[in-house]
Amino acid sequence: MMGLSSDDDDDFTMSQAYNNPMNMRVVEKLIRNKDEGSARGGQSESYVPGRTINDDIHGHVYLTAKLWDVVDTPEFQRLRYLKQLGSTYWVYPGATHNRFEHSIGVCHLGQMQASLFKNRQKELNLTRFDIEAISYAGLCHDIGHGPFSHVFENEFLPKAYEGRGYTSCHEGHSVTIWKRLIEKNALDIDKDMEERVSALIASSLPANKLRGEKAFLGDIIANGRNSIDVDKMDYLARDAQNCNVKISCDFDRLLRFTKVIDNEICFKAGDVSNVYQLFWDRASMHDRVYTHKKGKAIEYMIVDALLAADKAKDGEYSKSINDMDEYLKLDDTLLRRIEVERVDETDSHPMLKEAQAIIKRLQKRDLYKYVHEFVVPKDKLENYKNVTPEDILACQNPDGAISGGLKPDDIIVHNLKIDYCKGGRNPLDLTRFFRNYSDTASHHYPAEKVGFGLPGQFLIRKVRVFSRNSSDPYVKATRDAFEEYIRSNRIAVDSAEAFFSTPLKTARKRNQRFSHSEGDH
């Protein structure tokens, strides 16, 4: 590996940057750069050493002392208690990684990419202030997540606020907590830095405040343009490794062969297949891991338990989004706290008992039952409306085995969408490329010239149905109603999809499952 001597900063070449983007000594010097003046005042700063940690994805990661000041706060340390994949841990037991290490990984990749742009494209006029802002944004982009990450934000809160309006998002919470973190811990971070980092954290939102000649910096952490950003690079690599699922994108290469043209991060044309592989890997991870059937069943159980407990506590959990002091008390230990909370039998909260009963089912692996699914035909995608429990129950047999018939609360319908980040669009249409590093103009890469088979569509929709009651009569009634819905709506389901329906089986005790007959010995 090529290293840098103490006087090498100004002689660091484009060749070194492209061939050694992960060189620890290179990145350290670019980040620390003790001889460079501050971005605004031009005065030299005394060097304060940082610390290096050994990350299981990126190897040795260096963070400056200022970044450690943020890491060593209660607000950031809370991320140790938020699993990156929430309920997926119940399906993939290796998925024990947390938002804490992911955030450090995003910080590392973000400051590395910004530092490399600074060094090999002097015309961008990137400063130490810019590098620090990207680093802070990478660290704090996820501090606004609630318990079980996206489960709390996307499933629990919309149901808790059903009919009352809900517009909250974790990026907004992250900005609020970032500002709170500075104030509560009396950090030496000025107002200019505070506002720049806030804009970078929220850069993918419609109300993006990043403007001007350095607006491309917002695409490093959260790219609202085409979704190619270091956040995605880190979580895909980290999630795949911890779930022991194989993906193929070369993230080092993807980060290396980039250039800023016309205020947009562009990619080398010869690396187009690797760019596409990022989107394929993301879709594959959603299919195999993030929307795993058992994982979704567990997710729905967690949401039901939280909703019941929230009602028992007069909205304590749902109201916390309006009080950051209370919100920051919530993490993945919440389920355990509900489980062990003592219920006074004299004035008992029936909803709390209900929450505890759901958690007990979860612990005993008596999960909500996945019943069946179908893939929405391509010709129906454009104007397809989400299926509701009422749609399916309207097709149930009134003379079925369930007395009074199935009720809407008996089943859950999962309207699943898996795309390539931008709905049904080809992600390459939103990505610009360059041929040579001397290019001053970028271009789109036509799909027909990619050189390998792109999918015929970039959006897949599935409709899945689950039964809250795992007993055979309820599963059978749900399946019959769902299949009748499919027939009545003339949705073609091939034999392969029928394979995914849950077979009915006689319930038996767990210890009988592994017993042997005499002939087996």
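Only a predicted model underlies this, so the values are computations on that prediction, with no experimental measurement involved. When reading the values below, keep in mind they use all heavy atoms of this one structure, side chains included, and skip hydrogens, waters and symmetry mates. Counting from 1, the numbers follow the sequence of the chain as shown.
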Asks: Can Lys407 and Glu390 be said to form a salt bridge (Lys or Arg N to Asp or Glu O under 4.0 Å), step by step?
Replies: CA-CA 8 Å; Lys407 304 296 189 295; Glu390 289 77 9; over 6 Å; no
Asks: Could you label the plane-to-plane angle of the His173 and Tyr327 rings as parallel, tilted or perpendicular, counting under 30° as parallel and over 60° as perpendicular?
Replies: tilted
Asks: In terms of side-chain geometry, is the basic nitrogen of Arg253 or Asp271 positioned less than 4.0 Å from the acidic oxygen of its partner?
Replies: yes
Asks: Between the side chain of Arg99 and the main-chain N/O of Gln84, is any donor-acceptor distance below 3.5 Å?
Replies: yes
Asks: Arg432 pairs by side chain to side chain donor-acceptor pair (under 3.5 Å) with which of His443, Glu264, His444?
Replies: His444
Asks: Flag the pair Cys249 / Asn274 as yes when at least one side-chain heavy-atom distance between them is below 4.5 Å, and no otherwise.
Replies: yes
Asks: So that I can tick it off, tell me whether Lys329 and Glu316 are bridged by a salt bridge, with the cut-off set at under 4.0 angstrom between side-chain N and carboxylate O.
Replies: no
Asks: Do the rings of Trp280 and Tyr420 sit parallel, tilted or perpendicular, given the 30° and 60° boundaries?
Replies: tilted
Asks: With a 4.5 Å heavy-atom cut-off, do Thr388 and Asn386 have their side chains touching?
Replies: no
Asks: Do Glu341 and Lys313 meet the salt-bridge criterion of a basic N to acidic O distance under 4.0 Å?
Replies: yes
Asks: I'd like to know if Arg238 pairs up with Asp55 as an ion pair, taking the criterion as any Lys NZ or Arg NE/NH1/NH2 lying under 4.0 Å from an Asp or Glu carboxylate oxygen.
Replies: yes
Asks: Salt bridge (Lys or Arg N to Asp or Glu O under 4.0 Å) for Asp419 and Arg425? Distances and angles first, verdict last.
Replies: CA-CA 8 Å; Asp419 60 24; Arg425 298 189 63 179; over 6 Å; no
Asks: Is there a donor-acceptor pair closer than 3.5 Å between any side-chain N or O of Gln121 and the backbone N or O of Leu126?
Replies: no
Asks: Does any non-hydrogen side-chain atom of Leu82 lie less than 4.5 Å from one of Asp142?
Replies: no
Asks: Does the ring center of Phe279 lie less than 6.0 Å from the ring center of Phe458?
Replies: no
Asks: So does Asp219 pair up with Arg225, basic N to acidic O under 4.0 Å?
Replies: yes
Asks: Mind running side-chain contact (heavy atoms from CB on, under 4.5 Å) on Ile221 and Leu200 for me, showing each step along the way?
Replies: CA-CA 7 Å; Ile221 303 297; Leu200 289 169; 5.6 Å; no
Asks: With a sphere of 6.0 Å drawn around OH of Tyr161, does it hold more than 12 non-hydrogen atoms of other residues, nucleotides or ligands?
Replies: yes
Asks: Is the side chain of Asp281 donor-acceptor paired with the backbone N or O of Ser248 at a distance under 3.5 Å, no angle test?
Replies: yes
Asks: Does some side-chain heavy atom of Phe251 sit less than 4.5 Å from a side-chain heavy atom of Val230?
Replies: no
Asks: Flag the pair Glu162 and Lys159 as a salt bridge only when some basic side-chain nitrogen lies within less than 4.0 angstrom of an acidic carboxylate oxygen.
Replies: no
Asks: Under a 4.0 Å N-O cut-off, is there an ion pair linking Arg468 with Asp304?
Replies: yes
Asks: Is there a side-chain contact between Asn242 and Tyr92 (heavy atoms, below 4.5 Å)?
Replies: no
Asks: Got a salt bridge between Glu75 and Arg180, using NZ or NE/NH1/NH2 to carboxylate O under 4.0 Å?
Replies: yes
Asks: How about Gln363: does its CD atom have over 12 heavy atoms from other parts shown lying under 6.0 Å from it?
Replies: yes
Asks: Between Lys66 and Asp188, is there a salt bridge with N-O shorter than 4.0 Å?
Replies: no
Asks: So, are Glu132 and Arg128 salt-bridged, with charged N and O less than 4.0 Å apart?
Replies: yes
Asks: State plainly whether the residues Arg282 and Asp287 are in salt-bridge range, i.e. N to O under 4.0 Å.
Replies: no
Asks: Would you check if the side chain of Gln77 reaches a backbone N or O of Val71 as a donor-acceptor pair within less than 3.5 Å?
Replies: yes
Asks: Return the orientation label for the Trp90 and Phe148 ring planes: parallel under 30°, perpendicular over 60°, tilted otherwise.
Replies: tilted
Asks: Give a yes or no on whether a salt bridge exists between Arg80 and Asp332, defined as a side-chain N under 4.0 angstrom from a carboxylate O.
Replies: no
Asks: Determine whether Asn185 and Thr73 satisfy the following criterion, side-chain hydrogen bond (donor to acceptor under 3.5 Å, both in side chains), listing intermediate values before the conclusion.
Replies: CA-CA 7 Å; Asn185 298 280; Thr73 61; 4.5 Å; no
Asks: Students often mix this up, so state it plainly: with edges at 30° and 60°, are the rings of Trp178 and Tyr136 parallel, tilted or perpendicular?
Replies: tilted
Asks: Is the distance from the ring center of Phe267 to that of Phe257 below 6.0 Å?
Replies: no
Asks: Check for me whether the distance between the ring centres of His141 and His102 falls short of 6.0 Å.
Replies: yes
Asks: Is the shortest heavy-atom distance from the side chain of Val463 to the side chain of Leu416 under 4.5 Å?
Replies: no
Asks: Can you label the angle between the Tyr290 ring and the His286 ring as parallel, tilted or perpendicular, going by 30° and 60°?
Replies: perpendicular
Asks: Is the closest side-chain heavy-atom distance between Tyr276 and Val272 below 4.5 Å?
Replies: no
Asks: Gln356 and Val343: side-chain contact (heavy atoms from CB on, under 4.5 Å), yes or no, with the steps?
Replies: CA-CA 10 Å; Gln356 292 175 336; Val343 178; 3.4 Å; yes
Asks: For Ser135 and Gln111: C-alpha separation, side-chain torsions, deciding distance, then whether side-chain hydrogen bond (donor to acceptor under 3.5 Å, both in side chains) applies.
Replies: CA-CA 5 Å; Ser135 303; Gln111 68 184 4; 3.0 Å; yes
Asks: Are Phe466 and Tyr370 an aromatic pair by the rule of ring centers under 6.0 Å?
Replies: yes
Asks: Is any side-chain heavy atom of Thr127 less than 4.5 Å from a side-chain heavy atom of Ile131?
Replies: no
Asks: Would you sort out whether Ile201 and Val197 count as a side-chain contact (heavy atoms from CB on, under 4.5 Å), showing the intermediate values?
Replies: CA-CA 6 Å; Ile201 291 173; Val197 173; 3.9 Å; yes
